[in-house]
Every structure is written in structure tokens, then in C-alpha cells.
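A quick write-up on the structure given underneath.
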Amino acid sequence: MPEIRVTPLGAGQDVGRSCILVSIAGKNVMLDCGMHMGFSDDRRFPDFSYITQSGRLTDFLDCVIISHFHLDHCGALPYFSEMVGYDGPIYMTHPTQAICPILLEDYRKIAVDKKGEANFFTSQMIKDCMKKVVAVHLHQTVQVDDELEIKAYYAGHVLGAAMFQIKVGSESVVYTGDYNMTPDRHLGAAWIDKCRPNLLITESTYATTIRDSKRCRERDFLKKVHETVERGGKVLIPVFALGRAQELCILLETFWERMNLKVPIYFSTGLTEKANHYYKLFITWTNQKIRKTFVQRNMFEFKHIKAFDRAFADNPGPMVVFATPGMLHAGQSLQIFRKWAGNEKNMVIMPGYCVQGTVGHKILSGQRKLEMEGRQVLEVKMQVEYMSFSAHADAKGIMQLVGQAEPESVLLVHGEAKKMEFLKQKIEQEFRVDCYMPANGETVVLPTSPSIPGGISLGLLKREMAQGLLPEAKRPRLLHGTLIMKDSNFRLVSSEQALKELGLAEHQLRFTCRVHLHDTRKEQETAMRVYSHLKSILKDHCVQHLPDGSVTVESILIQAAAPSEDPATKVLLVSWTYQDEELGSYLTSLLKKGLPQAPS
Amino acid sequence: MDHECARLLPAVCAVLADPRQPVADDTCLEKLLDWFKTVTEAESSLLLLQENPCLVELLSHVPNLQDVSSGVLSFSLRLAGIFAAQEDCFQYLQQVELLPGLFGAAGPLGQAVWAIPTVRSGWIQGLRSLAQHPSALCFLADHGAVDTIFSLQGDASLFVASAAGQLLVHILALSMEGRAEGHTCPQGGDWPMCAQKIVGHIEESLCSTDTPRVTQALNVLTTTFGRCQSLWTEVLWEQLSPLVARLLERDPVPAPHPLMDLLLCVARSPVLSSLDRGPWETAAQALSCLGPTQAGALALGVLKLQLCPQALRTQAFGVLLQPLACVLKATAQAPGLPGLLDGTSEDPAVVDALLSSKSSCAGLLCRTLAHLEELQPLPQRPSPWPQAPLLRAAVTILCLCDGSAAPSSSVGGRLCGTLAGCVRVQRAALDFLGTLSQGTGPQEQVTQVFAILLECLERPDSSPTVLKKAFQATLRWLLSSAGTPSCSGLGPRAALFLPELFPVLQKRLCNPCWEVRDSALEFLTHLSRHWGGQADFRHLLLQSEVPELTRQLLQDPESYVRASAVTAMGELSSRGLHGTLTNPEHPEAQQSLLPEFLHILSADSEGFPRRAVMQVFTEWLRGGHADVARDTERFVATVLQVVSQDLDWEVRAQGLELALVFLGQMLGQPGPHCPYTVALPKAVPASPLAEALGALCRVRLFEFAFRALFDCDRPVAQKSCDLLLFLRDKTTPYSSLWEAGGSPDSASVEAALQRWQAGEQGQPLGDLEPEAMLAALRSIDLEGLRGTLAQGSDHVEKSPQSLLRDMLATVGVLQENQADCY
């Protein structure tokens, strides 16, 4: 039975390390290869030993597809390819290919620096891993091999994020990765055509949320920043190097311009140039407005946002600083936080999720006395704000995408079980399709009915044409023939040709039927009467009376016999081949009605 | 458990037992369990429960809750298992009748939550921890747990199913524990009930027509034999091996991979492999039943064994070679050449797999090549090793892939069509070809190898991954063809090949794909490292445009390529090969790279090229490169000054590495890097020391190291700490000569140190005397600092107190924060 099998190793009923195995028509694909930021041991990576219980990974997996550059989607990639030993192709979009190694490198440095981990992937491994990447363009159909093809669609979310269609023959699966159905200041909205996949695997981070207006959130953010700098405070915005940070930069830059503000805004560690470089390079991936105005003004060349120097943190007066990393667990953002935390005029705005154990998590949960290194206690007097700017589709957006792609079934990943349950019911009710939400390690099996291509012999086609039945594009036609399988191909041929090709002898199957007639005459006379009767009715057919007394109509043979027990009754033995089944049945019913009275 | 944790624990338990309070982070419960594991390893669980009654309360409360979260329930099951692992604590939990409510029929097992995989997983993991003593076995028997575990073997969740199998093995081993210690091992019929039940279940499963059940049984057996080497495993194998052998009589053979794993596991076991009913016969049967298309892994495993009957080895090698033998036969040009497995008939299944479809052909060849690649370097590989036919097979496959093969048969023709442009097979063949460089081959064949490698490198449509493998294989063949490392020449083949290779390398250095440029540069670096001193190589390289092109790649738009170009140019420069030579007699006439590298170090926006420069500089300083030796002090001073501003901590750490090399040259080599090595410092005589310290001040090494000591990135601070400790040890014997405490200079240094420690930048120190520096050096508690740094900067995050506080603090915080992600 052909089937599609999906097993999440990560992102099954959780928002952690995305890693989903899909088997479709004998091809095995891994969707994303993420890491969990909340663990610092083996548990941070998916357990790859479940991919194949025996045999080499490279032999089993046909390819790996990475949806976007966030570490929960690509963080385990160098480990998987250089330490676990996967040596096959990895597909991602061009921007993801460019930005992925930067984030992996940042992550590696923090792991080595902060945790002092020795057994970790190296820079060389990241590079070797990136050399296995095949970059794809949007809407470009890429042949992974003769049977498997993939195609990327725009997903919004972050620069280069893509949804992927995976197709083998007539079966297909779409994996959304993370996506956003509403455009923002620098990216467009996700889009996919009506590709009607067998299965749509969609993220469901905001499965139950209808997000409030983006404008409100933005206004709120700007108000908070503005108020703080107005009263002479400093604002720290911990961010991840590339991604949502650029959205916030554009927001602040535009606001500063409009309000003619002079307070300095800084962005740490030379990332402004780097980000600028990538956004310029991949300008086609941004939204329409940015692309349109690019010739006059590159939105990423900020007038108000300058590169940050460590010394600036001690400068008096207000300022806004974007610093990495985003969870306040290391590096510059933590260093600045420690300097500014003691002043109630200052503010820290956390624009994203923080894992347990990080300073970001602690302050978001309201802790105000933090124990730092050397048992020093840091009192947090500065204001702490949480403002989510992550770009995921909300419940409405997810429904919209399902409507757009028209899948036969839906599978939810990258979300919380309870919220998924709600969305699952909604999808099943509204679209009347099955919706699944497997936990990590659980396999969903979907039976499919693949269409199998078959050839048709020219002889058979010509014969059909000769009967005057010209093919019509819009109307399916029934064609009779013999389906033969030879050299792994299916062909429809005439039965004669089939016999010839397969070297088989023909056997005939005849249907027989007895019809009782009340007739006192002799058998020969009865046969004669049958002949005359049929001859008069079946003008278009060849009706013959044979010397042995039997009557034929095409292949139908009629013989009259007299049963010994009742001489007044005659039995007509009618037999015909299956080709003349229609005529045979007609004749039988005709004869059952009896013969016309003979002129006496 | 410390006082603070004990204080926080009741509140945390209360939160966990309250279904209205969701646990903030999915990692918290995992970390909490980690902590309990550590605590129970160090102290008595019973005492822990008695001192913290909130724990028992939690465990008895949770299973009875209506809306309990699956995460908390699973956590409770696992936690109870951890506590019950100690027998006295188990008895205690039994007394309070807590365990049946968790693991018995009254527990989650019979409730709706059982449908959630996390709960089933928690149940299994809890039992896995609990099953450590005979009392636990009775508990399992009393509550029918083993039957539940049997059914969980076929669970929809891979994780649960796998854990169930592991747990069965563990219970079997536990119930047999102690029985194997006697001289005679009881027969299966005398085994404990629990073990008999499990074995009976395995027997039933092996006879089942349901393949997943067979797989489960085979997996349990493999784990058992892999883990336990006791005598009872002998009896078990004796009892079950006929059933295993019977699986091979079915058509098709069910679960071939788990079956092969089991046979190999038995063959590896010293106890089982020596039995009369050893695995050899079954393995031989499996090799012939499964054939080359399926039994490759078994054949490889057999050949890797140290002790194995020769006939089986021969059979296994035949299985491994079959696919390549078919390829050779189908493409044989000259009839006289020996093939592989001459005289044996072709396996029709192999021909069928090679011809039926592209993916089956590629799959079979890739597996075969990978298996042979793994076998080639092993000492126990078959002897004689058919090096020549294997080489021919690898070359033929590459020819088939690039379309240059001229097949002589219809099968060959079809293979040609199937494999043309097949990157997957090309990569595998190149890997294998590279491995074959370890053996010898007839000269004519080696020429063919170089020809096909050149072809791969030359072809305009070669994929970057193929090119990378081709470069790697070429390097291996070049190095092996040159003979021993002490050999003075390039070797005749390399000498012939290199003139053809350089134009190709030139072309690849200009390839539009960064991956290709980078692989070409890495290749060049390796080549120069090995042959930079060979006259012929030098001549050929300098006549080509390779050095100039490499230099141009220092400006490549891709940072990886710039970094590789820096490494390559650094290597070439060390050997006087970095520019086109007008006069070969005077390599020093070549333009210095130092200014260019310094520019990269100070201006490149990416870390990789800057790090590469620092590695090259350190090597140059170590090796006495001419550009450095001209004015070493100036060189070091400039580099340290640039590096101290770098935003990349790895560049700053490499600056300290360079400083350490310089120190070593000034004061004598530092000892081993291990900070715990006890060794008396070798003091430097006083007067050269004064000179050396003067030099260190001039290059501002002190200031660089002091600043680095308070670097916000821990590895930099650690490295600096080691460097300063080394410096202090070298100068301690003469401390009386350098007493300068209280001088205005030393006061300014100490003030600067305080500023840096506080995270301020401050002004540079300016020119100061060594006395002030040494005084400052002595004033710092370097040992203490090193201890602090060794703890890692995130020790607070990891502490249980921090975890418990975080869990408590999250209560009541808006849920929206959790839903969000990156």
C-alpha cells in the first residue's frame, strides 16, 4: 500500500528543535535539523539514531531541507553532517545559505566560550557542512534525483525563509517551516499556489492566537522607547544577530526620522554592516516597498543607527542599543545589562523568547535580584518589558494558508499540544480534511493513491479512432484493452497484441443459456422459424442458417433440441462469446418472448 | 541537598501539583530530574523523602489529579522511579502505597492520559530506574507490568517502543542476576518466572508472521547479547538459535537488518561465538539467502571479526565484491585482465538491482563502495587484497558516471545510461578511490587513476561536492605516489601529473562557486605543506599563475575563501613561493605579504580571515619567517595593538597565543599546557631577563595581557591568566631585584587594572617600566582568578537554586511569553 510516513524527531507537540522525517514514495527526506536552546547536553540535538536503525545515514536519507536560518531549525546541521556522518545533499535558499554559517558560528562561540565545551563542532566543520549545501531559488523546481523534486515558496518570517514542496511522481508534501501571512516592514507575506499536496505540514506556534494589530504593538514599543530616552534613560534591546532585529531597526529609524530625534541608536558588533550587506544582496527577498525604494534609498543604510563600541556603554545621557545575544546569556548584551540594570531610568525590552537559566528568562519572570558570577548580587532596578515581534502566522493565517494550498490532509508541528488540539478541530471542521498532531517519535501514516503512468499502443488508439471516436480533452473516455506490465512499465494494448507479446495461447470463454419454447414441430423446423424471426429483426447483423441446422448471429450460436420428456416443448441452446455479450443477452431476451405465430 | 534548595522545594512541589499553574519551560522538568538524579547518587533517597515530605505528597497527589498536565505526570513517574531505585526507599514507598498508584492498574495506565506518549514514556523510564533490586521484580510481577511492556514494544511512538525493548532486556538481566555466578547455569526451564515469561514472549514473537513483532524480538536479543556476557546467555542462544535460523527459510526473509545485527552481535560475543551452535552456520545461511543486495552490512561485519572461519570470510568477501564484479564484467574491455570473483556465476539479484532503476543501482553501488572503503585500512581485511581489480572498478564507475566509459555489453550500456551524471555514486567512488591510494597498483593503472581524477577536476559540470572529493582523492594519490616522506623527489608519476594539474587548479581558483575556490585553496595549502621544499614542485608552481591567483583571492567576496587564501598564502610565503619569481635565485625578492595581512587583520569585517591571519602570524613567528625576523619586536607590537581592538574573541585569544610564542622565545619555552602540572619554573638568568622584560614592555605585551585578563569572553581571560602565570613564575626567583611596589608607575597600573576589571575601557598605559608591570603582576590573585574562570561563566544558570527560583518566579507570569519563539 503506498503511503506517506511522517515522524517528528523534534517539533512534535513542542517548540524546540525542529526535525521531521518524511518518507514519500520510497524517498526519505529530513525537514530541518534544529537544536534546542534550553539544553547544553545531548538533549539539545534531535536523537538521530532513530532515523535508521541499521545502515548508513547517507544511504537512507535522500536529502535534508532547511527552511530558514534560525537555530531551532538549523543548529544541529554541522553536528549531523560532520559528526554523525551524513554526507548527502542539504537544500536551503540562497539567503539561508549565506546567513546560516554566521549564526552557527555565533552559537559555537558561545557554547565554547560560556560552557567551555570541547567536544563541539568547529569552524572548519561549519564550513565543510556549508559546502554540502545546494542553494535553491524561489519557485525553482530542483531535481534531487530522477524521482524526487523540491520547490521553494516564500514564507516571510525572516530573510530567506521558505516553505518547501516535496514531490515524487504525483504524491507531494508541503512543509511550511515558520511563516508569516501578513507582510511587515521589511518582509512580504508567505504565499503558496494551489498545489493540493497530499499533506501540508504546518507550524502552529500561534495556533490559538489571533494577534492584535501590528500597528498597536509598534506604537506601544515606540512609545516606551521614546518615554525612556525623553527622561534621560538608556534602552537596551537584546536581539539575535540577524532576523527580527532588522524589523525593529527600520521601525526605530523611521520614528527617529519623523520625530527628528537626536538620541543615538547603536547596533552591536559590526552586525549592522553585515546585515546591511545581506539585505542588499538579497533585496529581492524583502517586501515590495523596500524593493521599490531601493534605487533611491536603501532602507538598510540607517542614518540614525551607528555601530556600537564597548566604550559607549559608559557614556552619559540617553541612548538605545541593540546588542546580541537575544536572551542575555552571554557577550555584549549581558555586559551592557549589568552596567545599566541598577538605574530605574533605564529600560530593557526583550523582543523574544528566553530559555530557562538565562538572565533574560529570570528578568521576564519578574526576578529582581540576580546572583551573578562570584556570588555578586545584581539588583535590577531598570524597567523590564516584553514585546514579541516574532513573525509567525496566527490562527487566522494558518487557516488562510490551508485554504490556499488545499491539501488532502494537514499535520501540525512546532506548537503546544493543547493549542494544536484546538486548531486541529477547527481545520477538520472547516476544510473537512484529516488533521494530525504527532508527538515526537510518533509516526503518522497516510495511505495515498498514486497515479501510475501507463502507455497505450498505437494500434489500439488507431482502432478507437477508426470507430470515429475522436478524443476530447475534457471528457474522460473508457477504453478497452489489455493492461500488460513489461520491464516495469504499464501498457494498454489490444488483446491480440497482448497475446502475441506475452506468447500466450488464446482461450475462449462462452456464455450459454437455455430458452424453452412451446413448439410441437420438429427441431429443424423450430430452428428455421428462429432463423426467419431473427433475420427479420436483426437487419444489420449477419444471421445464418447452417447446414447442421443451427443458427448463428455473429458469434452467437443457437441450436434447437427436443427434450425427451415433453415433445411439445423445444429447448433453444444459445451460446456466445464475451465480446458479443450485449448481443447475446439481447437475443436471449428476444427468444424468451417466444416466436411469432407461423402462417398456417 | 543544600539548605536553600530544601527551603524552595515545598513551594515548587506545590506549583507542580497545581494543574492551574503551567510549568513555564519544557526544559525545567528535565533539569529538575537531572538534579534529583545527582542528589540521590550522593545521598540516601529515603532520607531525602523523610526530610522533604513535600516530595511524597507530590507523588501521591499528582496521579489523582483530574487535569494534570502530561508533562508533570510523566515527571512524577520518572521521579518516583529514581527514588525507588534504592531498595529501602522502595520499601518505604510501598509502605505508603504510592507505587501502585503510579505504575499499577490504578495509575495512569488505565486512564485517558495513557494515550499521551509522554506519559507512557515516563511510565517506562520510571520503571527502568526502579528495576534495580529483587523487590522491584516482585512488584513488576504483582502488577502485570511485564505484559504492559510487551504491548508497548509495538507502540506508535518510536521512543516508547525502543524504551520498552530496552526495559525488557534490563528486567531479563536483573532477574537472571546472581544465577550465572554458579558453576553450572540452569537450563531454561529452571529460570525465574519473570525471565521465562520474557523468553516465552521472544519465542512467540520469533515465530510470528508479523514482521514488526519479529523485529522487536530480534532487537531485544541483540541488546541482551550485546550487554550481557554471562553464562545464561549461552543457554538462551542455544534455545533460540533454531528459531532465528528458521527465519531465513521464509520468503522473503522478515526483518533482514535486525537479523543481521543479531548475528553480528552473537558473533562478536566471546561467550557465544565459541559455542557448538555458534552463529557461523546461520551467518553463512543469511549471506546466501539475503545476497549481495541486502547482506552487505553483514558481510562487512563478518570480515571485521578477529576470529571467524575462513570459509565464511571468503563467502562474505564474495558478497561484498559481487556488485563491483558485475560492473567490471559488464564493461570489460580487454579480456585478459583479471576481474573480481572470476569463475563464479553472477548473482541475478545483483544484476537486477543494478539495472532495475537508477536509485537501486546508485544505492547498491554506494553501499558497496562505502563498505569496501571501511574494510580497506583494517589489518584483518582479506588477503590477498584484490587491489588491481578494485582500482579498475573504481575508475570504471567514475568513467560510467562522467559518461566517458565505452561499454562492451548491453548491461554495460544500460549501466552507462543509469549512472551518467550520478553525483552520489561519483562521491562514493572518489572516496573509495582515495582510500585505495594506500595500496600499490600497476603503473599503468595508477596513470589511469590520475587521468580520471584530472578528468573529474577538469569537467566544467562537476558539482562542488564532487570536486571537493576529487581534490581529496588527488591529494592522497599524489602523496602516496611520492613514496616515503624522506624521499627527495616528487616521484615520477607526480612529476608527470603536476604540470597537467596546475592549469586545472588555476581554473578552479577562478570558479564562480565559493565552495570550489575554497576546496582548491585547501588542496593547494596541503600540497605546499608537503612539497614546498621540493625543487621540481617549486619550479612548476612558480611558473604557473597559481600564486598570483591565490593572492587575488585575498580580496574574495566570500569570507571563507579569504580565510583559506590567507592560510594558503601564509604557507606559500613561509616557503618563499608567494609570488611569480623573476629570479629564482633570490626568493627574497618577492613582495612581502606582511602589510597585506596586517590590513586584513585590522579591516576585514569577518572573523574567519582575521583568525587565519593570526594563525599564519603565529606560525611565522614560531618558524622565524624572514618578514618577522627583520624586526620581531615591531611585528609583535603592531599585531598585539591591532588584535586588542578586535571584536572577535577568538582573534584576541590567538593574539595571546602569539604573545605566548614571543614570551617563549624571550624567556624559554613554557611547560605543558596543563594548569595542574606541578613543575618548578625554570628561571631565566637576571640580566637577559631584564632585557627580555624591556622587550615585553616595548611591545606592550603586559598591557595586552592585563586587559585580556578581564575580557568579557572567558577563553581570552583564561588564556591570559595562563600566560601571566607563566610570566610570573619565570620572574619570581628575581623578585627582589624588581621591588618597585608603591612607585607612581605601579599605582597607575593597578588603577588601570581596577578600571578594566570594572569593564571600562580607559586610556592606554603608555610607556612604563618593567618594575611597575611586575609589581602589578604580583598584586593580582591569578590562581584565584583561574579558579573562578574554570567554573565557567554560566555556573549560576546551572545551579539547582537558580532552577527552583526560576520555576517559582514564572508562576503567574503571562503565558504569552512561552508561546513565542525565535
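All chains are named by letter (A, B, ...) in the order of the sequence lines, taking the proteins before the strands, and each is independently numbered beginning at 1.
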Given A/E105 and B/F608, is the side chain to side chain contact (heavy atoms under 4.5 Å, CB included) satisfied, shown in steps? CA-CA 10 Å; A/E105 188 62 23; B/F608 307 119; 3.5 Å; yes

Report the C-alpha separation of B/E30 and A/Q356 in whole Å, then their side-chain angles, then the decisive distance to 0.1 Å, and conclude whether the side chain to side chain donor-acceptor pair (under 3.5 Å) test is met. CA-CA 11 Å; B/E30 286 281 326; A/Q356 186 277 322; over 6 Å; no

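- Interface residue B/S162: only side-chain heavy atoms are found under 4.5 Å from chain A.
- Looking at A/D146, the atoms closer than 4.5 Å to chain B (heavy atoms on both sides) all sit in the side chain, from C-beta outward.
- No part of B/P464 comes within reach of chain A, as not one of its non-hydrogen atoms sits under 4.5 angstrom from that chain.
- With a threshold of 4.5 angstrom between heavy atoms, B/D518 approaches chain A through its backbone and through its side chain.
- The part of B/S359 that comes within reach of chain A is its side chain, from C-beta onward, which places non-hydrogen atoms under 4.5 angstrom from that chain.
- For chain A, the nearby parts of B/R805 are the backbone and the side chain; heavy atoms of each come within less than 4.5 Å.
- By the ring-ring contact (aromatic ring centres under 6.0 Å, His included) test, B/W649 pairs with no residue at all, sequence neighbours left out.
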Start with the C-alpha distance between B/S69 and A/K418, add both sets of side-chain angles, then the distance that settles side chain to side chain donor-acceptor pair (under 3.5 Å), and finish with yes or no. CA-CA 10 Å; B/S69 89; A/K418 273 192 181 159; over 6 Å; no

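- For the salt bridge (Lys or Arg N to Asp or Glu O under 4.0 Å) test, residues two or more places apart in sequence or in another chain that qualify with A/K132 are A/E82, A/D87.
- Of the options A/Q367, A/K362, A/H361, a side-chain hydrogen bond (donor to acceptor under 3.5 Å, both in side chains) to B/S802 is made by A/K362 and by none of the others.
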